[in-house]
Each structure stands twice: as C-alpha cells, then as structure tokens.
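One structure below.
In what follows, chains are A, B, ... by sequence order, proteins preceding strands, each numbered from 1. This structure is a prediction, so every number in the text was calculated from the model and none was measured.
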Number of protein chains: 2
Amino acid sequence: MQTSVSLRERKRIDTYRSIHEAAAELVLDRGLTNVTVDEIVERAGVSARTFFNYFPTKEDAVVGLRTPELTDELLASFRSQLGDDLLSGAVELLAAVIGTALIPGDDPVRRKELTVEYPELRKRFMMRISDAERLALQAIEEQPESLPNSPEAARVLTALAAAVIRFTYQSQPGSVTSSNKETLRQGIATFREVLRSAL
Amino acid sequence: MQTSVSLRERKRIDTYRSIHEAAAELVLDRGLTNVTVDEIVERAGVSARTFFNYFPTKEDAVVGLRTPELTDELLASFRSQLGDDLLSGAVELLAAVIGTALIPGDDPVRRKELTVEYPELRKRFMMRISDAERLALQAIEEQPESLPNSPEAARVLTALAAAVIRFTYQSQPGSVTSSNKETLRQGIATFREVLRSAL
DNA sequence: GCATAATTGTGCAGAACTGCATAAAGTGCA
DNA sequence: TGCACTTTATGCAGTTCTGCACAATTATGC
C-alpha cells in the first residue's frame with residue numbers, strides 16, 4: 001500500500017517541522033536576538049544552507065511560515081460561496097490562503113505567544129498577508145461575472161479584504177486562520193459598519 | 001544673519017542626497033543586483049557604516065526613502081479639512097506623511113523609472129506606507145469627535161485609507177505624493193464606487 | 001533491479017546589515 | 001576664544017542571507 005504523499009514530500013515536511021521546532025523552542029527560551037541560525041540548524045540537524053532553502057529568514061522559521069499557495073480546493077470553495085456575500089468570500093479566501101503558509105502541526109498557542117512578544121515576527125506575518133493578497137487577487141479576477149461592473153473591482157475588493165484581515169490580526173494576533181471564522185466575521189461586521197458611515 | 005537650519009542639518013541633508021544620488025545613478029546604469037554598497041559609498045564619499053546610519057537597506061537608498069514623520073503642519077492641515085470628507089482627509093494625510101519619507105530634491109521621474117523596473121524597490125515603498133499608516137493612525141485617533149461612533153473607527157478608517165493608497169500606487173507607481181492630489185482623488189472615487197456595490 | 005533524470009542537501013565565497021567602541025565634528029556658553 | 005556637551009562618522013567583529021557548483025538522495029522508465 002502506497003501512502004498518498006511521496007517519500008520526498010514527507011521528508012520535506014519533517015525538515016520544515018524540525019527547523020521550526022528548534023527555532024521556536026530556542027527563541028521562546030532565550031529571546032529572538034540571542035539565538036543564531038547556527039544554533040538552530042545544529043539542533044535541527046541540517047546545514048545552514050538548507051535552513052535558508054526552507055525559510056527565507058530566521059523570523060519565518062521561528063513563526064513557522066512558508067510561501068502561501070492557492071490550491072484547487074480553495075478556489076472551488078471560494079467559487080461555490082461567491083453568490084452569498086462578496087466581501088466575506090474574499091476575506092475567507094484570503095484567510096485560507098494565509099492558512100496554507102502555516103507549516104502543518106505547529107502549535108497556534110506558541111505562535112501567538114511569539115508574535116505577541118516580538119514585533120519582528122508580526123511583521124513577517126504581515127508580509128505573508130501581502131503574498132497571499134497577490135494570490136487571492138488572481139483568483140478573484142477570474143470571476144468577473146460575480147463582481148461589480150468595474151475594471152478595478154477585483155483589486156479594490158482584494159485590497160479591502162486584506163485590510164479586514166490586517167485589522168482583525170491587529171486586534172487578535174494569531175487569530176487569522178481559516179479555522180477562526182467567528183473572529184473574521186466579527187472583523188468584517190465592524191468594518192462594514194464603519195464604512196457605511198464613512199462613505 | 002543665521003540660516004534657519006543648522007550646519008548639522010544641512011550636512012545631514014547633503015549626506016542623504018549624495019548617498020541617494022550615487023545609489024540611484026549606479027543602479028540605473030548597471031542594475032540593482034550588480035551594484036554593491038561598497039561601490040555606492042565610494043562614489044558618495046562616506047563609509048559603509050555611515051551608509052547604514054542613513055538608510056536601513058540598499059533599496060531605501062536607491063529609492064531615496066527615509067523614516068516618515070508626522071509634523072505639526074500636517075496634523076493641522078488634516079484637522080482643518082476633517083469636516084469635509086473623512087476618507088479623503090485620511091488618504092491625504094497618509095499621502096502627506098509618505099511624502100515626508102521622500103528625501104528632498106530627488107527626481108520623481110527617476111524614482112518612477114526605478115520602481116517600475118524593480119519589484120524590490122516597490123516593496124520598500126509599500127513598507128514605508130505601513131510605517132506611515134502607524135503615524136496616521138495616531139493622528140486620526142486623536143480626533144474621536146469627527147469619527148463614526150465606534151471604538152474601532154479610527155483603525156478601520158486608517159486601514160481603508162492605506163488600502164486606497166496601495167491601490168492607487170499599484171495603478172500608477174510613483175504617483176503617490178501629496179502633490180498628486182488628482183490621482184488620489186481618482187483612486188478614492190473608484191474605491192468608493194466599488195465599495196457601495198460590494199457592501 | 002538499474003540506469004537516468006529530477007530534487008534536495010551542502011560547502012564556500014561574498015554581499016548586506018547590526019552592535020559596540022572610539023574618533024571627529026558641531027553646538028552652546030562662560 | 002576655549003571648554004564641556006551632544007551629535008555624527010568610522011572601524012571592526014559577527015550574523016544573516018544569496019548565488020553557484022557539486023554531492024547525495026529520490027523518482028521514473030525500461
């Protein structure tokens with residue numbers, strides 16, 4: 001019997017995890033600036049070069065962030081609920097894409113602890129939101145029939161969804177994942193309300 | 001007769017300019033990755049350490065960006081026009097704050113050329129928008145009487161203004177300065193229109 | 001299975017940046 | 001002017017990160 005993922009893929013995930021675990025534990029223990037990449041890679045059992053093959057920065061390794069991606073499932077789920085509520089759909093798509101950047105099996109409580117303590121780590125998270133925004137824009141642009149009749153509609157909607165995510169993340173750091181729909185719904189509602197009176 | 005700025009201040013501006021000039025010219029000539037900081041500082045006549053005292057990254061030096069600030073004049077101007085249109089006021093404030101990050105006397109045409117050609121440089125510009133956003137938020141939070149009646153109104157409004165700026169900048173790179181009010185007005189209008197139908 | 005192709009891991013050289021200690025230059029005041 | 005005080009410039013050591021070349025590992029077709 002063959003497992004659904006290849007040996008390569010499993011090893012890859014393992015490497016992601018072991019680097020991330022080593023990084024997060026060391027940083028929680030001794031502080032972000034008191035831990036070097038050399039120490040992390042020694043504990044994780046890989047070379048420094050490999051470290052940077054997996055994570056572009058030390059901060060990404062600590063938070064456990066990799067490049068987000070837009071899977072076919074996410075696209076399909078986005079399309080199926082598009083009729084209901086455009087903004088909510090866009091926000092949920094974006095949150096889901098961001099979710100793909102979190103390395104599987106990490107501890108959300110620890111991630112929250114880390115991001116609350118270190119502004120640098122929050123910054124990295126914000127950058128991943130920008131990456132995800134680019135991906136979401138592509139998806140949204142492919143659905144012109146569902147959008148308001150403006151050539152810029154997709155970009156405005158995406159920008160707005162990203163603003164909602166950033167806003168929500170700042171209120172509740174660590175809360176932006178697709179699993180946390182209630183918090184997102186709350187953020188959307190607050191946004192909508194203020195928008196109505198400010199427009 | 002004493003000039004209004006101190007000798008120190010003048011020298012500081014000169015150093016900013018000479019580093020930025022050297023960086024921009026070399027990069028236009030040979031490309032971003034083919035120019036080293038060492039080459040820039042040699043042309044500018046300062047040490048490498050001084051380079052990083054003035055600009056946090058090579059990219060910032062090339063674009064000519066320093067830390068934005070919120071001056072008393074900007075604050076006053078923002079307050080005086082707040083009654084008219086909340087969103088426009090916020091966008092203009094933000095654009096003005098971003099304007100303070102541009103080093104004085106640089107060439108906007110060249111800046112546009114550079115940011116169009118190099119995504120890295122656009123990214124740096126975007127980061128400065130985030131910095132400016134933080135400053136603008138402070139200013140907006142100080143005017144609770146002008147805002148919709150919600151504790152989150154200031155943050156939503158700021159996030160929205162930043163979204164408009166990012167949107168406009170992506171449409172017209174290099175166009176986001178306080179002097180370019182027409183482009184900003186256009187961006188706000190587009191945003192507003194889409195928002196109305198998406199809410 | 002085995003040869004071959006595609007990925008992934010590693011070492012190394014070099015560029016980007018930071019903290020810290022010290023020298024140089026500008027400022028204010030007796 | 002001369003002298004303390006503050007700000008700015010520099011050197012240096014050390015960390016982060018990248019491109020490139022090559023070795024090791026995994027996948028693929030026969």
Side-chain angles (χ1 to χ4, degrees), chain A residues 1-20 22-24 26-27 30-63 65-67 103 118-121 123-124 127, chain B residues 1-20 22-24 26-27 30-63 65-67 103 118-121 123-124 127:
Chain A
M1 186 186 110
Q2 170 86 354
T3 55
S4 62
V5 292
S6 65
L7 172 57
R8 267 190 189 157
E9 188 58 17
R10 258 180 295 155
K11 282 201 161 189
R12 229 181 131 63
I13 302 278
D14 280 354
T15 306
Y16 266 114
R17 279 186 49 101
S18 66
I19 294 175
H20 169 50
L26 283 173
V27 167
R30 320 215 303 256
L32 185 58
T33 56
N34 298 319
V35 173
T36 70
V37 171
D38 279 350
E39 293 171 316
I40 296 171
V41 299
E42 196 202 359
R43 181 187 266 234
V46 297
S47 73
R49 194 63 188 78
T50 295
F51 177 95
F52 288 109
N53 283 341
Y54 279 81
F55 296 100
T57 67
K58 188 171 90 172
E59 284 72 25
D60 279 298
V62 173
V63 189
L65 287 172
R66 43 182 189 174
T67 312
I103 82 158
Y118 298 104
E120 287 301 305
L121 303 183
K123 213 173 202 171
R124 290 310 295 180
M127 289 193 197
Chain B
M1 185 186 113
Q2 171 87 354
T3 55
S4 62
V5 291
S6 65
L7 172 56
R8 264 188 193 159
E9 188 59 17
R10 257 181 294 156
K11 281 202 160 186
R12 228 179 132 65
I13 301 278
D14 280 353
T15 306
Y16 265 115
R17 279 186 49 101
S18 66
I19 295 175
H20 169 50
L26 284 173
V27 167
R30 320 213 306 257
L32 186 58
T33 56
N34 299 319
V35 173
T36 70
V37 170
D38 278 351
E39 294 170 315
I40 296 171
V41 301
E42 196 202 359
R43 181 187 265 232
V46 297
S47 73
R49 194 62 190 80
T50 295
F51 177 95
F52 289 109
N53 283 340
Y54 278 81
F55 296 100
T57 68
K58 187 170 89 173
E59 284 71 25
D60 279 298
V62 174
V63 189
L65 287 172
R66 44 182 188 174
T67 312
I103 82 159
Y118 299 104
E120 287 300 307
L121 302 184
K123 214 173 203 170
R124 289 310 295 179
M127 288 195 199

**Lys/Arg N to Asp/Glu carboxylate O, A:Glu59 vs A:Lys123, below 4.0 Å** = no
**Complete:** Rounded to whole Å, CG of A:Asp60 lies from C1' of D:dT16 at a distance of 13 Å
**Request:** Find the distance A:Arg10:CZ to C:dT7:P and express it as a whole number of Å.
**Result:** 19 Å
**Request:** Using whole Å, report how far CZ of A:Phe55 lies from C1' of D:dT18.
**Result:** 18 Å
**Request:** Return the nearest nucleotide to the side chain of A:Thr57; candidates are D:dA9, C:dT8, D:dC17.
**Result:** D:dC17
**Request:** Look at all strands and tell whether A:Tyr54 reaches a base, only sugar-phosphate, or nothing, counting heavy atoms closer than 4.0 Å.
**Result:** sugar-phosphate
**Asked** How about A:Glu39: does its CD atom have over 12 heavy atoms from other parts shown lying under 6.0 Å from it?
**Response** yes
**Asked** Among residues 39-52 of chain B, which contact DNA chain C at a heavy-atom distance under 4.0 Å?
**Response** B:Arg49, B:Phe52
**Request:** Send over the distance from B:Asn53 CG to C:dA23 P, rounded to a whole Å.
**Result:** 17 Å
**Prompt:** Between C:dC17 atom P and A:Glu120 atom CD, what is the distance in whole Å?
**Reply:** 14 Å
**Complete:** To the nearest angstrom, the CG-P distance between A:Asp14 and C:dT7 comes to 20 Å
**Request:** With B:Leu26 as reference, evaluate B:Ile40, B:Val62, B:Leu32, B:Thr36 under the side-chain contact (heavy atoms from CB on, under 4.5 Å) test and give the passing residue.
**Result:** B:Ile40
**Request:** Could you state the atom-to-atom distance from CD1 of B:Ile13 to P of D:dT7 in whole Å?
**Result:** 17 Å
**Request:** Can you check each nucleotide of nucleotides 24-30 of chain D against protein heavy atoms at under 4.0 Å and return B for base, S for sugar-phosphate only, - for none, in 5' to 3' order?
**Result:** -SBS---
**Asked** Counting N and O atoms only, with roles assigned by atom type, does the side chain of B:Thr50 sit under 3.5 Å from a partner on the main chain of B:Val46, one being a donor and the other an acceptor?
**Response** no
**Prompt:** Which heavy atom in A:Ala44 sits nearest to a heavy atom in A:Ile19, and how many Å separate them?
**Reply:** CB-CA, 3.9 Å
**Message:** Between C1' on C:dA25 and CZ on B:Arg12, what's the gap in Å once rounded to a whole number?
**Reply:** 14 Å
**Complete:** Closest heavy-atom pair, B:Ile103 versus B:Tyr16, reported as atoms and distance to 0.1 Å, is CD1-O, 3.7 Å
**Message:** Testing the basics here: between A:Thr57 and A:Arg124, what is the closest heavy-atom pair and its distance to 0.1 Å?
**Reply:** OG1-NE, 3.5 Å
**Request:** Check whether any side-chain heavy atom of A:Val27 lies under 4.5 Å from a side-chain heavy atom of A:Tyr118, and answer yes or no.
**Result:** yes
**Asked** Are B:Arg66 and B:Tyr54 in a cation-pi setup, meaning NZ or CZ lies under 6.0 angstrom from the ring centre and within 45 degrees of the ring axis?
**Response** no
